[in-house]
Amino acid sequence: MRRSARTGQAVEPTPSPNIWNWPEVYELENRAQDATGVLHRAVESRCDLRDRDVLDVGCGDGYHLAGLARLASSVVGVEPYAPLVTRARRRLSGLTGVEHVDVRPGAAQALPVESESMDVVHARTAYFFGPGCEPGLREVDRVLRPGGTLLVVDLDTGFSPYGDWMRADVPALDPARIEDFFAQHGFDSASVVAEWRFDDRASLQRVLGIEFSAAVAARAARSVAGTSLHVGYRVRTRQKPHGLLTNVTERS
Ligand SMILES: C[S@@+](CC[C@H](N)C(=O)[O-])C[C@H]1O[C@@H](n2cnc3c(N)ncnc32)[C@H](O)[C@@H]1O
């Protein structure tokens, strides 16, 4: 098991077979995910990125980095899976206006950035933030400046039918326990329903195929007519206090 030299914490990533094994299909998923812009607006209204130093933790192959970089004064993407670090850097090398973006190998439990150097920590579909992620939350508290924001955009495991499919494959997923965890750790959470809109049925089926077991993906595909579906998200924010009482261990 890998451990952080600084904190001694285990820094094993949470397996993410969708993007690790099928990044091209995950790209289709990312493109489909917010057809009406409702998620984008939910993020914007909760967290001002203008002229901020932003960390995108679990940035995958960097899909969201350029969008964050449009407003932020600097962006650091952190990703534990080496092939995705390479892909993210390659993506950026083909773009303009991203000179202030850097991609670094690392994990939420041991972030490769200075203490109190970030205004916003952003994490999108970040399975590594949930019950048991206290080491990651402590790291976020370390790297955020006082008054900074942690923003986690995650799938709502309680929203039908997508959440039902997730729980069919992973029965241990417990929406109420997840909500309790985030509430106990001082998060404000809001529900957002986004439309996933694909160009064609084949793309929709390929994406379902990387998210679910074969049986659940087949059931999901049968129950979706056409090329779009509605998926629930929880947009969660947590402010690092301006005062001294910031350590998550005091709440756990
Ligand atoms: C579902 S993907 C989402 C990628 C990206 N945020 C996006 O929206 O395109 C989850 C990502 O989290 C990364 N990850 C898993 N465990 C992690 C950890 N402990 N710390 C940081 N990232 C982690 C995975 O390698 C994967 O790239």
Side-chain angles (χ1 to χ4, degrees), residues 1-20 47 53-60 62 64-65 68 75-85 88 102-157 166 170 172-189 234-252:
M1 179 182 287
R2 283 190 299 139
R3 292 191 176 274
S4 156
R6 191 171 44 75
T7 65
Q9 286 293 342
V11 289
E12 288 305 312
T14 303
S16 307
N18 49 11
I19 192 170
W20 287 5
C47 184
D53 294 313
V54 177
L55 175 66
D56 186 16
V57 57
C59 71
H64 296 285
L65 294 175
L68 296 169
V75 178
V76 175
V78 169
E79 169 56 44
Y81 190 63
L84 291 178
V85 173
D102 187 23
V103 179
R104 303 179 189 169
Q109 302 90 325
L111 293 167
V113 299
E114 295 293 311
S115 298
E116 302 202 353
S117 61
M118 294 289 153
D119 301 300
V120 175
V121 174
H122 166 270
R124 185 75 65 125
T125 47
Y127 318 125
F128 48 90
F129 280 139
C133 74
E134 286 84 352
L137 293 183
R138 276 195 291 275
E139 266 299 82
V140 171
D141 275 347
R142 179 184 69 78
V143 306
L144 277 177
R145 297 184 176 117
T149 303
L150 167 59
L151 185 134
V152 178
V153 179
D154 219 345
L155 293 164
D156 184 347
T157 58
M166 292 174 83
V170 186
L173 276 179
D174 179 348
R177 181 167 165 253
I178 294 170
E179 291 311 312
D180 279 356
F181 174 85
F182 281 106
Q184 273 171 21
H185 286 285
F187 283 82
D188 176 57
S189 298
R234 297 289 279 159
V235 178
R236 309 182 191 279
T237 48
R238 175 176 183 257
Q239 233 70 41
K240 174 170 171 174
H242 285 277
L244 287 174
L245 291 173
T246 61
N247 197 327
V248 70
T249 52
E250 289 160 13
R251 294 189 213 112
S252 55

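Throughout, residue positions are numbered sequentially from 1 according to the sequence presented. No experiment lies behind these values; they were computed from the predicted model shown.
Here NE2 of His122 is found 8.5 Å from SG of Cys47. Values are rounded to the nearest 0.5 Å. Separating the CG atom in Asn18 from the OG1 atom in Thr125 is a distance of 7.5 Å, to the nearest 0.5 Å. Note that CD of Glu179 and OG1 of Thr157 are 7.0 Å apart. Values are rounded to the nearest 0.5 Å. With values rounded to the nearest 0.5 angstrom, Leu137 atom CG is found 6.5 Å from Glu134 atom CD. Here the CG atom belonging to Asp188 is positioned 10.0 Å from the CZ atom belonging to Arg236, to the nearest 0.5 angstrom.
When side chains are defined from C-beta on, Trp20 counts as touching Pro15, because their heavy atoms get closer than 4.5 Å. The side-chain heavy atoms of Glu139 and Val121, taken from C-beta on, include no pair separated by under 4.5 Å. Taking 4.5 Å as the limit, every side-chain heavy atom of Val78 sits out of range of all side-chain heavy atoms of Cys59. Side chains of Val113 and Arg104 form a contact here, defined as non-hydrogen atoms less than 4.5 Å apart. Ser16 is not listed as a side-chain neighbour of Phe128, based on a closest heavy-atom distance of 4.5 Å or more. Annotation: side chain of Ile178 is not in contact with side chain of Arg234 (no heavy-atom distance under 4.5 Å). The side-chain heavy atoms of Leu55 and Leu144, taken from C-beta on, include no pair separated by under 4.5 Å. Between Val76 and Met118 there is a side-chain heavy-atom pair separated by less than 4.5 Å.
The backbone N or O of Gly60 sits nowhere less than 3.5 Å from a side-chain atom of Arg124 that would complete a donor-acceptor pair. Side chain of Arg145 to main chain of Ser117: a donor-acceptor pair is present (N/O by atom type, distance under 3.5 Å, no hydrogens or angles). Of the possible polar contacts, one joining the Lys240 side chain to the Asp141 backbone as a donor-acceptor pair under 3.5 Å is found.
Residues satisfying the salt bridge (Lys or Arg N to Asp or Glu O under 4.0 Å) test with Asp154, not counting sequence neighbours, are none.
When every heavy atom of Glu79 is checked against every heavy atom of Gly58, the shortest pair comes out as OE1-C, 3.6 Å. Nearest approach of Leu111 to Ala108, heavy atoms of both residues: CG-O, 3.6 Å. Closest heavy-atom contact between Pro135 and Gln109: CB-CG, 4.2 Å. When all heavy atoms of Leu65 and Gly77 are compared, the closest pair comes out as CD2-CA, 3.9 Å.
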(message) Would Phe129 and Leu150 count as a side-chain contact (heavy atoms from CB on, under 4.5 Å) here? Give the steps.
(response) CA-CA 11 Å; Phe129 280 139; Leu150 167 59; 4.3 Å; yes
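Using cut-offs of 30° and 60° on the angle between ring planes, the pair Phe182 and Phe187 is perpendicular.
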